[in-house]
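Below, read A as the first sequence line, B as the second, and so on, with proteins coming before strands; counting in each chain starts at 1.
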Protein chains: 6
Amino acid sequence: MLEFKTVRIEVPESCNVIFGMAHFIKTVEDLYEALVNAVPNIKFGIGFCESSGPCLVRHEGNDDELRRLAAEKAFEIACGHSFIIFIKNAYPINLLDKIKNVPEVCAIYAATANPLEIIIVETESGRGVVGVIDGLKSKGIEKEEDIRMRKEFLRKIGYKLK
Amino acid sequence: MLEFKTVRIEVPESCNVIFGMAHFIKTVEDLYEALVNAVPNIKFGIGFCESSGPCLVRHEGNDDELRRLAAEKAFEIACGHSFIIFIKNAYPINLLDKIKNVPEVCAIYAATANPLEIIIVETESGRGVVGVIDGLKSKGIEKEEDIRMRKEFLRKIGYKLK
Amino acid sequence: MLEFKTVRIEVPESCNVIFGMAHFIKTVEDLYEALVNAVPNIKFGIGFCESSGPCLVRHEGNDDELRRLAAEKAFEIACGHSFIIFIKNAYPINLLDKIKNVPEVCAIYAATANPLEIIIVETESGRGVVGVIDGLKSKGIEKEEDIRMRKEFLRKIGYKLK
Amino acid sequence: MLEFKTVRIEVPESCNVIFGMAHFIKTVEDLYEALVNAVPNIKFGIGFCESSGPCLVRHEGNDDELRRLAAEKAFEIACGHSFIIFIKNAYPINLLDKIKNVPEVCAIYAATANPLEIIIVETESGRGVVGVIDGLKSKGIEKEEDIRMRKEFLRKIGYKLK
Amino acid sequence: MLEFKTVRIEVPESCNVIFGMAHFIKTVEDLYEALVNAVPNIKFGIGFCESSGPCLVRHEGNDDELRRLAAEKAFEIACGHSFIIFIKNAYPINLLDKIKNVPEVCAIYAATANPLEIIIVETESGRGVVGVIDGLKSKGIEKEEDIRMRKEFLRKIGYKLK
Amino acid sequence: MLEFKTVRIEVPESCNVIFGMAHFIKTVEDLYEALVNAVPNIKFGIGFCESSGPCLVRHEGNDDELRRLAAEKAFEIACGHSFIIFIKNAYPINLLDKIKNVPEVCAIYAATANPLEIIIVETESGRGVVGVIDGLKSKGIEKEEDIRMRKEFLRKIGYKLK
C-alpha cells in the first residue's frame, strides 16, 4: 500500500528554509558547523530524522525558536534521513555550497523563502520524500521589458556589476 | 487534492538537456556564466521558473532557438524554482560540475540526450517535480562480451586510456 | 498511464548502499575509480542502468558478490540512468563527496545501511525514481538526555573532539 | 639576475586579507560576485595584477577605501596574475571555499588578519611570489592546559559544539 | 647548499600552460581523464615529474606535439612531483576546477598564455618550485576609462551579461 | 634581512606527509574531523603553527606517536599558519579533496612518502614557506616500455580498469 501525503511549511518572516536528504546522526553537528562557518551573524535551527534505533528527530541550532520549529517540522515530515533548516540573517546562496559539501548530505530538495509543500509517500515500511512544491506555478514567459527590469534589479542590489 | 501529470521533453538533434532545481532569479545569470565558462563554443538556452512575485519563466542563452525552447519547456513544466537547459557543442560531463557549483542550484534531476518525461505533482498551492523518466527501461544485465565492448568503446573514443 | 511500484533493497550485513542518478555508460568506470581512490581496503559493486541503445545494466566492482548484487538490484530498479552501489569496509561519509564529484553524477537519493524502499513511476516510455524510503519513520523529538547521549556517542567513537 | 624583495601588508583594524594567484582580467568580476554571494553585509576591495597588454592593476569592490587599498597594494606587489582582497564584516572561513571555486583562481597563499610580508622574486622578465610570512614565528608547542583552553574557546564562541 | 635557477616556458601560439604540484604516477592518467572530460575538442600534453624509483617524467596527452613539449619542459623543470600541461582549443577557465579536483593534485602555480619563468631551488636532495613569474610586472592602476573598457570587453565577448 | 633555511622531513615507514597552509586555530579540529571522515582506520597526527597571540603549535590526532612527530616538525618549521600532517593506513589520494575543502585551508604544498625538504625564508618579522623539495630530481623521460609498465602497474593494483 502506497499513500501520498503533504506537509506544509510556512517560512517565518525574514527567514529561508532548506530541505534535503542526508544520513547518520552526525549530520546535525556537521550541518551546525557548516552554518556557523558560513555567515558571521547567522541564526538557524536544524532538524534531522534519524531512521533506525530510537528514530528520533535530532536537532541543533543557535536560535531557540528556529531550532524548535525545525525539530517540530522535521517530526511532521518524518521521512527517514531527511533534514530541514530554517535560517535568518543569511540567504541560501551564502551557504548552499557549504551544505552540499557536508559529508553526510545526499541531496537538497529546495532552498526558499516561499511557502513549501512537501509531498510524501508512505508505505508499511516508512515515509519518503516524493517532491516539493516551492511557491507558485509559472504564469508566463518574461519579455524584453521584464528581462531589462530583472537585470537592472540584480545590478542595483549589487549582485552583478553594471 | 494531489494530481500527477507528465511533460515530455524531446531533445533536439545533437543536443543534451539538463533539468534541475534552484532558487532566486539570479539563477539564470549564474547558469549563463557557468556555461560560457565551460566550453569555448558551447551553444545553450536556459529557462528558470520564478515562483513568487510575477512568477515568470526567466531565460538566458547564447543561441536564440535553444533559448526559446528552454523558455517554452520551462513554462510547460511550471514547477516553482526548477530550471531546464538545452546545450549544443558540449556534453553534460563537460559542465555538470560547474552547474553543481552554481550557488543557487539545489539539485540536478537529469542530464541526457534521451527523450525525457517529467513527472509532476500539482496541488492547489502549485506544481513540483516528482521524478524523471530518462530514456528506456533496462532490458538485461551486461555479459562478458558486452563489458569487453563497453571498455573498448570508451578507450576508442579516448575517454579512457588503454 | 502512470503507475507506481516499489523495489525493496535489503542491505547485506556490514554494508551500506548508495543510490543515485547519473548518465552515460562511462559512469561505471568513473564510479569505480572514485571508490578505489576513497578507502584503501574498500569492497564494492556498482550497477548502472543504461537507457538507450542496448539498455543494459552496466556493472563494475572489486568484489564479485557485491557486484552481482548491484547488477541484479539495478536491473530490478530499471530506471533509466540510475545507479546503485553496495560498499563494505567503508562508510558513505568516506566517499559521498567523491561520488558527488564524478562528472556523470546528477543526484544521490540515499546513502544508508537501512532497508531501502525505492518508489518508482512507470509509464509507456520507461521508469523513473520518485523517491526513497530510507529506514523507519520518526518516533519522537530528542530531549536533553538524548542530546547528551548523542554527543557522547559521537565523541566516544572519535568523530568529534571532546 | 634574480633579486628578492619584500612587500609588507598591514591589515586594517577588523579586516582580513586574502592573497592569491589567478589569471585573466575576468578574475576581478568573478571574485566580486563570489564575495557578494558569501556574506550579506560583507565589505571588500579586490586588486588583480593583469600581466599582459596594458598590465594594469584591475580592481573592484563595494567599499571605496578597501578597494583603493587593494589596488594600491596590488600595484606595490606587481606580480603577474596575483590578487589581493581586503574584507570587512566577514571572515576568511566564510568565503575561502567560494574563492577556491572561482574558475580563474589558481592558488591562495594566505588568509589572515596578521601583518603579512610578501616575498617576491624579480628578474628581467617580471615579478613572482616566492612566499608569504604570515604573522609571527612559533614560540612553543601547546601543552595540556593550552589544549583545554583552545577547545574551550572554540566552544564558547560557538564554532564547535560542547 | 641552496641554489636558485630559472626555467623559461614559451607558450606556443593559441595555447595555454598550466603548472602545478601533485604526487603519484597515477597523476598523468587522472589529469588526462579530467582534460578529455572538460572540453570536446581539447588538445593537450601532460608531463609529470615522478620523484622516487626510476624518477622518470611521466607523460600523456592526445596531441603528439604538445605531449612531447610537456615531457621535455617537465624534464627541464625536474622538480619532484610537479606537472606541466599545454592545452589548445580550450582555456584554463574551462578546466581549472577539474584539475583542482584531481585527487593527486596539491597546488596550481599558474595558468597562463604568457611566457612563464619558473624559479627553482636546488639542494643536494633535489629540486623544488619557489615561484613563477607569469608575464609582465604591473605598469599602473586602471582608471575610470580602463574600467569601462574592461567591462565592455568582457560583455562583448559574452562572458558577462550586459 | 632575508635568510633562506631548510627543514628536512623524514616520513616514517608506511606513512605519508601532507604539508600546507591554513589560518585560525580551528584548523586543527577541522583537519582532525576531515581525516576521521576520510578512511575508517586512518591514524594521524596534525601540527599547525598559530602565528599571533601565544604563537603555539596547535596539534591533534588519533595516534600519539604521529601527533608528537607532527607537533615537533611543525615547531621546527615554525612558519606562521602552516600545517603538517602525518598519516598511516591511508593515502593522500583518499583525503586530499577533504583537506582542500576544509574552510581554513589555503594551500597544499606537498603530499608524499618521499623525504621532504622544506625551504623557508626568515626575516625580522617571521618565517614563511618558499617551496618544497619532494623526493629526487627527474632522471629521464619515460619511453614506450616505461609507459607500458606504468599502465600495467596501475591496472594490476586496481586503480584503473583494464
Side-chain angles (χ1 to χ4, degrees), chain D residues 1-4 20-30 32-33 47-60 67-68 70-82 100-109 118-131, chain E residues 3-6 8-11 16-21 91-101 105-121 129-143 145-147 149-151 153-155 157 159-161:
Chain D
M1 237 270 322
L2 194 141
E3 210 179 338
F4 293 100
M21 184 75 177
H23 76 286
F24 190 20
I25 56 168
K26 189 163 73 84
T27 300
V28 284
E29 292 211 20
D30 284 348
Y32 171 95
E33 292 190 32
F48 166 72
C49 300
E50 182 188 28
S51 60
S52 60
C55 293
L56 297 177
V57 168
R58 305 298 182 166
H59 49 94
E60 281 296 343
R67 183 175 181 168
R68 192 195 50 74
E72 286 176 7
K73 280 298 172 184
F75 188 41
E76 206 177 324
I77 297 167
C79 294
H81 284 166
S82 66
K100 291 172 196 168
N101 281 332
V102 165
E104 290 87 2
V105 169
C106 296
I108 298 173
Y109 300 119
I118 300 175
I119 314 300
I120 286 166
V121 61
E122 188 160 345
T123 69
E124 303 77 59
S125 46
R127 280 157 73 99
V129 178
V130 161
Chain E
E3 212 179 337
F4 293 100
K5 307 190 166 177
T6 67
R8 285 193 65 86
I9 310 292
E10 296 299 329
V11 186
N16 274 268
V17 67
I18 295 162
F19 177 53
M21 184 75 177
Y91 297 98
I93 51 165
N94 308 144
L95 43 78
L96 275 189
D97 51 355
K98 288 182 167 68
I99 293 179
K100 291 172 195 167
N101 280 332
V105 168
C106 295
I108 297 172
Y109 301 119
T112 190
N114 292 330
L116 192 67
E117 191 171 16
I118 300 175
I119 314 300
I120 286 166
V121 61
V129 178
V130 160
V132 292
I133 297 176
D134 177 351
L136 304 174
K137 181 171 156 176
S138 309
K139 296 178 182 159
I141 296 178
E142 63 176 4
K143 301 212 172 57
E145 178 57 13
D146 306 305
I147 296 173
M149 282 173 63
R150 157 170 62 85
K151 289 188 179 168
F153 169 70
L154 290 173
R155 279 146 190 80
I157 59 177
Y159 274 126
K160 295 284 174 184
L161 290 168

Q. If you tally heavy-atom pairs under 4.5 Å against chain D, which of R8(E), K151(E), K137(E), K143(E) wins?
A. K137(E)
Q) Stepwise, does the side chain to side chain contact (heavy atoms under 4.5 Å, CB included) test hold for H59(D) with I147(E)? A) CA-CA 8 Å; H59(D) 49 94; I147(E) 296 173; 3.7 Å; yes
Q. Would you say the side-chain atoms of S138(E) pair up with the backbone N or O of C49(D), donor to acceptor, closer than 3.5 Å?
A. no
Q. What are the two closest non-hydrogen atoms of K26(D) and Y159(E), and how far apart are they?
A. CD-CB, 3.6 Å
Q. Can you check side chain to side chain contact (heavy atoms under 4.5 Å, CB included) on L56(D) and R150(E), steps first, answer last?
A. CA-CA 11 Å; L56(D) 297 177; R150(E) 157 170 62 85; over 6 Å; no
Q. With only heavy atoms counted, which part of I141(E) is less than 4.5 Å from chain D, the side chain, the backbone, both or neither?
A. both
Q: Could you tell me if the ring centre of Y91(E) sits under 6.0 Å from that of F24(D)?
A: no
Q: Answer with side chain, backbone, both or neither: which region of F4(D) has an atom nearer than 4.5 Å to a non-hydrogen atom of chain E?
A: side chain
Q) With respect to chain D, which residue among G135(E), A110(E), G131(E) yields the maximal number of heavy-atom pairs within a distance under 4.5 Å? A) G135(E)
(Q) So if I apply the side chain to side chain contact (heavy atoms under 4.5 Å, CB included) rule between V121(D) and each of V130(E), V132(E), I133(E), T6(E), which one comes out positive? (A) I133(E)
Q: Kindly give the heavy-atom pair with the smallest separation between C106(D) and A111(E), and that separation in Å.
A: SG-N, 3.7 Å
Q. What part of V105(D) is in contact with chain E, defined as an atom under 4.5 angstrom from a non-hydrogen atom: side chain, backbone, both or neither?
A. both
Q: Test H23(D) against I93(E) for side chain to side chain contact (heavy atoms under 4.5 Å, CB included), laying out the working first.
A: CA-CA 9 Å; H23(D) 76 286; I93(E) 51 165; 4.0 Å; yes
Q: Between chain D and each of I108(E), L154(E), D134(E), count heavy-atom pairs under 4.5 Å; write down the option with the most.
A: D134(E)
Q | Residue part contacting chain E, namely of E50(D), when any heavy atom lies under 4.5 Å | A | backbone
Q. Non-hydrogen atoms of chain E under 4.5 Å away: do they reach the side chain of E124(D), the backbone, both or neither?
A. neither
**Q.** Step-by-step side chain to side chain contact (heavy atoms under 4.5 Å, CB included) determination, R58(D) to D146(E)
**A.** CA-CA 9 Å; R58(D) 305 298 182 166; D146(E) 306 305; 3.9 Å; yes
(Q) Closer than 3.5 angstrom, by distance alone: can the side chain of K100(E) be matched with the main-chain N or O of K100(D) as a donor-acceptor pair? (A) yes
**Q.** Region of S82(D) in contact with chain E, defined by heavy-atom distances below 4.5 Å
**A.** neither
Q) Which of the residues S51(D), A78(D), G80(D) is involved in the greatest number of heavy-atom pairs with chain E at under 4.5 angstrom? A) S51(D)
